[in-house]
Amino acid sequence: MGSLKKSGGVSSAILSRIATNDQHGENSEYFDGWKAYDKDPFHLSRNPHGIIQMGLAENQLCLDLIKDWIKENPKASVCTPEGVHQFSDIANFQDYHGLKEFRQAIANFMGKARGGRVTFDPERIVMSGGATGANETIMFCLADPGDVFLVPSPYYAAFDRDLRWRTGVEIVPVHCSSSNDFKLSVEAVEWAYEKALESNKNVKGLLFTNPSNPLGTILDKDTLKNIVRFVTKKNIHLVVDEIYAATVFAGENFVSVAEVVKDLDCSEVNADLIHIVYSLSKDMGLPGFRVGIVYSYNDSVVSCARKMSSFGLVSSQTQLMLASMLSDDRFVDNFLTESSRRLGIRHDVLTVGLKKAGITCLISNAGLFVWMDLRHLLRVRNSFESEIELWHIIIDKVKLNVSPGSSFKCTEPGWFRVCFANMDDDTLHVALRRIQDFVSKNSNKTAEKASDNDQIIQNNNAKKQKWKQSNLRLSFRRLYEDGLSSPGIMSPHSPLLRI
């Protein structure tokens with residue numbers, strides 16, 4: 001068989017418009033960075049000069065705890081002598097509601113991940129193939145092609161794929177600014193909402209990640225309450241992607257929208273409009289298990305999402321193991337505590353290392369990444385072209401895959417998302433050395449250039465001064481000579497020339 005060909009020309013004519021449209025978002029620097037890494041992946045011994053992957057938000061810091069639990073609980077898997085007696089039941093067809101014990105365990109874990117301040121009904125747990133599938137499922141349930149969802153920017157780079165590629169839903173950004181640390185406000189949401197209506201758009205809802213991807217920040221409870229009041233007043237949906245709920249490592253506690261629904265008076269919130277997307281990909285570091293969850297307070301949405309879940313179920317074997325693991329309260333409590341601690345340490349190592357290179361980041365307390373400020377390194381200030389030029393240098397020369405802010409629809413050039421939890425300590429230190437060396441060399445070149453410019457200016461000033469003095473003498477000589485022959489010119493001895 002021949003190699004795969006890119007779609008286009010005659011071959012694309014036999015494919016559907018959905019399959020071949022350009023809404024996937026794959027042709028962005030976000031995905032291009034992954035492709036560059038795949039061609040030249042870093043390894044401490046086998047490829048020490050390769051590209052280090054800092055564009056992938058994976059949590060690998062506590063996988064040792066999960067491995068230890070698996071070793072201690074062989075009955076949780078049908079692939080062990082201790083658990084093989086369950087094989088027939090698990091291998092047979094399972095209803096797309098999911099195993100009852102799995103849904104109960106997920107509901108308990110979601111509550112623990114939110115500090116035990118709220119509980120979740122296992123009957124409202126709907127499975128999906130990761131958060132990607134969950135986000136697309138909720139879009140299919142809530143909106144028609146051409147309908148609009150407001151999404152605060154900067155937002156997750158793959159939302160273009162997840163929310164609109166196959167659904168036909170449009171995204172209207174709610175632009176946030178560095179002037180207030182990119183904080184989301186109801187005023188910004190309302191402004192975007194009114195602008196969309198003026199453009200004859202049918203706004204069906206508002207969607208955002210909390211904690212934020214790519215910012216690593218959390219929304220305070222008052223802001224969440226005001227947002228819930230706003231969507232209730234406008235009768236539009238609110239979808240909160242909470243897949244980083246248990247990654248908070250400092251500062252205030254994470255507040256789930258579920259807490260707000262519980263706390264607000266029924267006159268202030270229409271719970272039928274509130275929906276949560278969740279996953280075990282980030283909080284537990286299990287993206288390969290493809291465990292995505294849609295949780296809705298709306299019975300009709302639960303019913304519709306459950307029908308659609310047949311296109312992206314979680315395997316029964318995965319459900320069985322996770323049901324056992326997440327029902328182990330001692331393990332879960334220790335995991336959540338230790339994960340938070342390790343994330344905090346890793347975050348501090350990165351930010352302190354960047355600070356030594358003169359690089360600052362947005363202050364954050366959650367997530368698997370930092371929002372790095374490289375505006376001072378842009379060739380041209382406030383230029384997206386310069387941002388992409390800098391990104392190419394970082395990929396090609398520094399050999400780091402970091403993601404430019406423009407991929408996240410940031411309106412201000414020079415911001416980059418840098419992931420820190422998907423590598424070991426040694427690799428992180430190599431990455432930091434590369435960044436520090438790059439900034440140091442760049443600073444030296446800038447200093448040399450500035451020094452050269454200063455010398456040029458000094459030389460030019462000296463030449464100008466010498467020319468002025470020579471020209472002044474020449475002017476006085478000519479003035480004196482002209483004064484002898486021209487009665488209309490004053491004598492150089494006139495008091496009017498003594499200046």
Side-chain angles (χ1 to χ4, degrees), residues 16 18-19 21 23-25 94-99 102-103 106-107 109-110 120-151 155-171 202-210 213 231 236-245 256-258 261 271-283 286-316 318-319 322:
S16 71
I18 290 179
N21 72 49
Q23 301 303 305
H24 181 279
Q94 299 291 335
D95 185 86
Y96 47 63
H97 285 68
L99 300 177
F102 170 74
R103 288 185 285 113
I106 284 287
F109 181 79
M110 289 176 65
F120 293 89
D121 182 357
E123 295 304 314
R124 295 190 176 279
I125 298 285
V126 180
M127 293 184 300
S128 186
T132 293
N135 274 308
E136 185 183 61
T137 296
I138 200 69
M139 288 297 105
F140 272 126
C141 290
L142 303 181
D144 292 312
D147 286 345
V148 161
F149 258 79
L150 307 176
V151 182
Y155 61 73
Y156 172 46
F159 269 165
D160 288 334
R161 174 198 66 195
D162 298 358
L163 305 181
R164 68 188 183 117
W165 180 36
R166 298 194 299 184
T167 66
V169 171
E170 294 184 24
I171 294 176
N202 184 30
V203 180
K204 292 302 293 287
L206 168 68
L207 181 147
F208 54 81
T209 58
N210 185 36
N213 177 9
V231 298
I236 61 175
H237 294 281
L238 174 62
V239 180
V240 185
D241 185 332
E242 297 186 349
I243 66 171
Y244 293 95
S256 170
V257 70
V261 171
D272 280 344
L273 299 172
I274 311 300
H275 323 278
I276 298 172
V277 167
Y278 189 58
S279 166
L280 298 182
S281 297
K282 312 304 181 181
D283 285 352
L286 300 174
F289 280 24
R290 309 310 301 146
V291 178
I293 300 296
V294 172
Y295 188 92
S296 178
Y297 293 91
N298 187 314
D299 293 342
S300 296
V301 171
V302 170
S303 178
C304 290
R306 189 156 282 153
K307 293 175 185 176
M308 291 186 177
S309 70
S310 60
F311 295 100
L313 293 174
V314 180
S315 75
S316 299
T318 300
Q319 291 184 55
L322 290 176

**Student:** At what distance, to the nearest 0.5 angstrom, does CE of M308 lie from CD1 of I138?
**Tutor:**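 CD1 of I138 is found 9.5 Å from CE of M308.
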
**Student:** How long is the straight-line distance from CG of N210 back to CD1 of I243, given to the nearest 0.5 Å?
**Tutor:**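 Rounded to the nearest 0.5 Å, the CD1-CG separation comes out at 11.5 Å.
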
**Student:** So, do V169 and V148 sit near enough that their side-chain heavy atoms are less than 4.5 Å apart?
**Tutor:**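 Side chain of V169 against side chain of V148, heavy atoms only: no contact under 4.5 Å found.
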
**Student:** Tell me whether S309 contacts the main-chain N or O of L313 through its side chain, where contact means a donor paired with an acceptor under 3.5 Å.
**Tutor:**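 Flag not set: sc S309 to bb L313 has no pair under 3.5 Å.
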
**Student:** Are the side chains of F159 and V151 in contact, using a 4.5 Å heavy-atom criterion?
**Tutor:**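 Yes. Closest side-chain heavy atoms under 4.5 Å.
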
**Student:** side-chain hydrogen bond (donor to acceptor under 3.5 Å, both in side chains) between S256 and E242: does it pass, once the steps are laid out?
**Tutor:** CA-CA 8 Å; S256 170; E242 297 186 349; 3.0 Å; yes

**Student:** Run the ring-ring contact (aromatic ring centres under 6.0 Å, His included) test against F289 and tell me which residues pass, sequence neighbours left out.
**Tutor:**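 Residues passing ring-ring contact (aromatic ring centres under 6.0 Å, His included) with F289: none at all.
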
**Student:** If you define the side chain from C-beta out and look only at heavy atoms, does anything of I171 sit under 4.5 Å from F149?
**Tutor:**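 Contact flag for I171/F149 side chains = no.
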
**Student:** If I take atom CG from residue L99 and atom CD from residue Q319, how far apart are they, to the nearest 0.5 angstrom?
**Tutor:**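 CD of Q319 is found 4.0 Å from CG of L99.
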
**Student:** Output all residues satisfying side-chain hydrogen bond (donor to acceptor under 3.5 Å, both in side chains) with R161, sequence neighbours left out; order by chain, then residue number.
**Tutor:**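 Here the qualifying residues are T132.
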
**Student:** Carefully, step by step, assess Y244 and Y278 under the rule side-chain contact (heavy atoms from CB on, under 4.5 Å).
**Tutor:** CA-CA 8 Å; Y244 293 95; Y278 189 58; over 6 Å; no

**Student:** Test of understanding: with ring-ring contact (aromatic ring centres under 6.0 Å, His included), list the residues that count as partners of F140, not counting sequence neighbours.
**Tutor:**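 For F140 there are no ring-ring contact (aromatic ring centres under 6.0 Å, His included) partners, ignoring immediate neighbours.
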
**Student:** Sequence neighbours excluded, which residues qualify as side-chain contact (heavy atoms from CB on, under 4.5 Å) partners of S315?
**Tutor:**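 Checked S315 against side-chain contact (heavy atoms from CB on, under 4.5 Å); matches are Q317, T318.
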
**Student:** Test of understanding: with salt bridge (Lys or Arg N to Asp or Glu O under 4.0 Å), list the residues that count as partners of D283, not counting sequence neighbours.
**Tutor:**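 So D283 forms no salt bridge (Lys or Arg N to Asp or Glu O under 4.0 Å) with any residue.
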
**Student:** Side chains of E136 and D162, heavy atoms from C-beta outward: is any pair under 4.5 Å?
**Tutor:**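 They are not in contact (no side-chain heavy atoms under 4.5 Å apart), so the answer is no.
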
**Student:** Among residues at least two apart in sequence or on other chains, which ones pass side-chain contact (heavy atoms from CB on, under 4.5 Å) with S296?
**Tutor:**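 In terms of side-chain contact (heavy atoms from CB on, under 4.5 Å), with neighbours along the sequence ignored, S296 is linked to H275, N298, V301, V302.
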
**Student:** With sequence neighbours excluded, what pairs up with F208 under the ring-ring contact (aromatic ring centres under 6.0 Å, His included) test?
**Tutor:**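 In terms of ring-ring contact (aromatic ring centres under 6.0 Å, His included), with neighbours along the sequence ignored, F208 is linked to no residue.
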
**Student:** Decide, yes or no, whether a salt bridge links R164 with E170 under the criterion of side-chain N to carboxylate O below 4.0 Å.
**Tutor:**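 So R164 does not pair with E170 through a salt bridge.
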
**Student:** With sequence neighbours excluded, what pairs up with S281 under the side-chain contact (heavy atoms from CB on, under 4.5 Å) test?
**Tutor:**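 Once residues adjacent in sequence are excluded, the partners of S281 under the side-chain contact (heavy atoms from CB on, under 4.5 Å) criterion are S279, P287, R290.
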
**Student:** List in chain and number order the residues that pass side-chain contact (heavy atoms from CB on, under 4.5 Å) with I106, two or more places apart in sequence or in another chain; answer none if no residue qualifies.
**Tutor:**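 With neighbours one apart ignored, the set is F102, M110, I125, L280, V291, I293, L326.
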
**Student:** Would you say that L207 contacts L163 through its side chain, given a criterion of any heavy-atom pair below 4.5 Å between the two side chains?
**Tutor:**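 Yes. Closest side-chain heavy atoms under 4.5 Å.
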
**Student:** Please round to the nearest 0.5 Å and tell me the distance separating atom OG of S128 and atom CZ of R306.
**Tutor:**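 CZ of R306 is found 12.5 Å from OG of S128.
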
**Student:** Does the side chain of I274 reach to within under 4.5 Å of the side chain of V257, using non-hydrogen atoms?
**Tutor:**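 When only atoms from C-beta onward are counted, V257 and I274 do touch, with a gap below 4.5 Å.
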
**Student:** Taking the side chain as every heavy atom from C-beta outward, state whether I18 and W165 have any atom pair closer than 4.5 Å.
**Tutor:**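 No, too far: nothing below the 4.5 Å cut-off.
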
**Student:** Can you sort out the partners of D241 under side-chain hydrogen bond (donor to acceptor under 3.5 Å, both in side chains), two or more places apart, ordered by chain and number?
**Tutor:**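 Listed in chain order: N135.
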
**Student:** If I compare all heavy atoms of V239 with all of M139, which pair ends up nearest, and what's the gap?
**Tutor:**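 Closest heavy-atom pair between V239 and M139: CG2-CE, 4.5 Å.
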
**Student:** Any pair with a residue in residues 137-149 that passes side chain to side chain donor-acceptor pair (under 3.5 Å), sequence neighbours left out, goes on the list, sorted by first then second residue, please.
**Tutor:**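 Sorted result for residues 137-149: D147-N202.
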
**Student:** Quick one: does any side-chain atom of K204 pair with a main-chain N or O of L142 as donor and acceptor, under 3.5 Å?
**Tutor:**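 Confirmed, K204 side chain pairs with L142 backbone.
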
**Student:** Could you pull out all residues at least two apart from Y295 that satisfy ring-ring contact (aromatic ring centres under 6.0 Å, His included)?
**Tutor:**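 Counting only residues at least two positions away or on another chain, Y295 forms a ring-ring contact (aromatic ring centres under 6.0 Å, His included) with F120, Y297.
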
**Student:** Can you give me the closest heavy-atom contact between A271 and V261, atom names plus distance?
**Tutor:**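 Smallest interatomic distance, heavy atoms only, reads CB-CG1, 4.2 Å.
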
